> 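I'd like to ask some things about the structure below.
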2 protein chains.
Amino acid sequence: MVNEKVGRAANPGKRTRLPAAERRAQILTVARDLFVTQGFEQASMRRIADAAGITPTAIYDHFADKEALLTAIAADFFDGLVAAMTVPPDAATDPLGLLRQLMINYVRYGLAHPNEYRLVFMTSLSRFVPTLGHRGLPCSGVVPEEVAQKTVKAMQSFGILQTGIERLVAAGLLRADDPEGFADSVWAMGHGIVSLVITKGDSNFTPIDRWIDTSIGILMDGMRPR
Amino acid sequence: MVNEKVGRAANPGKRTRLPAAERRAQILTVARDLFVTQGFEQASMRRIADAAGITPTAIYDHFADKEALLTAIAADFFDGLVAAMTVPPDAATDPLGLLRQLMINYVRYGLAHPNEYRLVFMTSLSRFVPTLGHRGLPCSGVVPEEVAQKTVKAMQSFGILQTGIERLVAAGLLRADDPEGFADSVWAMGHGIVSLVITKGDSNFTPIDRWIDTSIGILMDGMRPR
DNA sequence: ACCGTAAACTTATCGCTGTTAGGTTAGGTG
DNA sequence: CACCTAACCTAACAGCGATAAGTTTACGGT
C-alpha cells in the first residue's frame, strides 16, 4: 500500500520534497499565518505541519521547537518595525514633526500587526516572569537566551527613537533633563496605546486617531523647554 | 482497601471534605499561588488539584473551567487595584499631587502583582484577538462575556482616574482640550511602563523610580494650561 | 435512630498538545 | 550501480483540559 492517509494536506496526492532552505521558509510562512489568525496557543505543530503538507516531526528538522518558530517570526517583525520607523531624513520637515511621525508609525505598525506585536512584546516565551520583589521592584533575574536576542532586536528600533530625541535635545527643542528617560516615556506611551487596544479593543476608548494625537500633544508639550 | 494513593497531597493521610464555599475559596487560593509562581499555562488543573488535596475533576464542581479560575482571581485583583487607587480625599494635599499619587499607586500595584497584572491586562483569555482591519484600525468585534465583565471591573479603576482628571480640569489646573483623552493617555503611559517592565524586565531601562518620575513630569507639564 | 437524598468527590477516559527515538525513502555523488 | 545523507515518516510518551458516570459522605426530616 502507498501510505494514502485520508485527508492529508494542501497538496493531497503528490508529496513534495524540498531543500531545507525552502522548506524552512515555507514552514515559517504558514506558521506566521496560523499564529496571526488563530494565536500562538491554538496554532499547534500538527496544524502547522498539516498546512505545510508535512508531518509534525519534520518541523523539528528545521526548528528546535515551537518557540523557535516564534522567535524567527519575531525577527521578521522587528525588521519591519525598524523599517517603519526609519523615515527618510528629509531635513526639510520640522524636527518635532519627525518625532511625531516616529510615534505614529510605531503605533500604526503595531496595530497593523497586532498578533505579532503581542507575541513579540507581550509574551515572555515559555519562561514565566520570575517572582519580583514584594516592594514591586523587579530583581532583574537571569534572562533566557532567546529573550535576550529579542531584546537586542527591540533595542534597535528603540535606538532610532532615542537618537531622534537626543537630536531634538541637542537642538534645544526639548528639555535636557533626562533624554534617556524621555525616550523611555515616549515608548511607554506608544506601547501602552498599542497593547491596550490590542487586548481590549478600541471600543471603550477615545477614537484611536484622536488618542494618538492627544498623547503626542501631551508628550511634546511636556518635553518642551519651559 | 482505603484508597491510599501514594504521594497524594498536602494533607496525605486524612482526606477532608469541605463545604462548597470553603473549598471554592481554598481552590482559589492555591490557584492564585500557582498562577503567580508558575504562570497560567504551567499551572495545570492537575497541579492545582494536587495542591488543594483533591482530584482535578473536583475543581469542575466549583468552577466551570480553568478560565473561570482566572476571572475569579482577576476580580480580586481589580478590587485591590481600586483600593490602591482610592486615596483618602485629604483635600489638604495639592490636587496635582493627588493625580501624581494615583499614577504612582497604579504602577506600583501593577509591578507588585506582575503575574495577575499580565493575566488581567495582557491576555485575552482563550479567544484570540480577531484579525483586525488591515489598515490597523481594529473592527471592534464581538466581545466574549467574561472579557466584557473584566472590562467593567477595569473601567471602575479607570473611572477613578478619569474623574480625578476631570476635577483638575474643572479647577483650571489642566487644559480643557480633551479630558477623556487625557485620562486615556495617562492610563496608556502607566500601563506601558508596567507592561514593559513585566515582559522585558527593568534591566534595559531607566531605573523604575526615575522612569515613573520623568513620565509623570512629562504628563503634568504636557497637560497644564499654556 | 434511621434513612433518603443531595452535595462532595472519585475513577476512567477522551481527544488534544509538544516532543523524541528510530526507521524509511528519495536525490545526488563516486 | 552502490552508497550516503538530507528530508521525511511512523509510533509513541507524558501531560494537558475536560466529560461522563460512579461512589462516598454528611445532614435534615421523620
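Lettering of chains follows the sequences in order, A, B, ..., and the numbering in each one begins at 1. The shown structure was predicted, so the numbers you read here are calculated from the model rather than taken from an experiment.
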> What is the separation between atom CZ on A:Phe63 and atom P on D:dC8, rounded to the nearest whole Å?
12 Å
> For A:Ala58, enumerate each residue passing the side chain to side chain contact (heavy atoms under 4.5 Å, CB included) test, keeping only those at least two apart in sequence or located in another chain.
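Side chain to side chain contact (heavy atoms under 4.5 Å, CB included) list for A:Ala58, sorted by chain: A:Ile54, A:Thr55.
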> Tell me every residue that passes side chain to side chain donor-acceptor pair (under 3.5 Å) with A:Gln26, counting only those two or more places apart in sequence or in another chain.
A:Arg23
> Which nucleotides of nucleotides 15-21 of chain D have their base under 4.0 Å from a protein heavy atom (B), which only their sugar-phosphate (S), and which neither (-), written as one string 5' to 3'?
-BBBBB-
> Is the positively charged end of B:Lys66 above the ring of B:Tyr60, judged by distance under 6.0 angstrom from the centroid and angle within 45° of the axis?
no
> Send over the distance from B:Glu22 CD to C:dA7 C1', rounded to a whole Å.
14 Å
> Suppose we screen for side chain to side chain contact (heavy atoms under 4.5 Å, CB included). Which residues come up paired with B:Ala20, at least two apart in sequence or across chains?
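Partners of B:Ala20 by the side chain to side chain contact (heavy atoms under 4.5 Å, CB included) criterion, ordered by chain and then number, come out as B:His62.
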> Applying salt bridge (Lys or Arg N to Asp or Glu O under 4.0 Å), which residue pairs with at least one partner in residues 29-42 of chain B are found, sequence neighbours left out?
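Salt bridge (Lys or Arg N to Asp or Glu O under 4.0 Å) check on residues 29-42 of chain B returns B:Arg32-B:Asp76.
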> Take the protein atom CD1 of B:Ile54 and the nucleotide atom C1' of C:dA7, then report the distance between them rounded to whole Å.
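After rounding, the reported distance stands at 14 Å.
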> Could you state the atom-to-atom distance from CD1 of A:Ile48 to P of C:dC16 in whole Å?
16 Å
> For B:His62 and C:dA7, give me the distance from atom NE2 to atom C1', rounded to whole Å.
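For the pair B:His62 NE2 and C:dA7 C1', the rounded distance is 9 Å.
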> Considering residues at least two apart in sequence or located in another chain, which fulfil the side chain to side chain contact (heavy atoms under 4.5 Å, CB included) criterion with B:Asp213?
B:Arg100
> Report yes if at least one side-chain N or O of A:Arg23 is closer than 4.0 Å to OP1 or OP2 of D:dA7; otherwise report no.
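Answer is no, no contact under 4.0 Å.
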> Listed by chain and number, what are the ring-ring contact (aromatic ring centres under 6.0 Å, His included) partners of A:Phe77, not counting sequence neighbours?
A:Tyr109
> I'd like a table of atom pairs between the protein and nucleotides 26-30 of chain C - only N or O on both sides, under 3.5 Å - with the distance next to each one.
none

> So, using ring-ring contact (aromatic ring centres under 6.0 Å, His included) as the criterion, who are the partners of B:Phe63 when residues are at least two apart?
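Scan of B:Phe63 (ring-ring contact (aromatic ring centres under 6.0 Å, His included), adjacent residues dropped) gives none.
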> In whole angstroms, how far is the C1' atom of C:dT10 from the CD1 atom of B:Ile59?
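Going from B:Ile59 (CD1) to C:dT10 (C1'), I get 13 Å.
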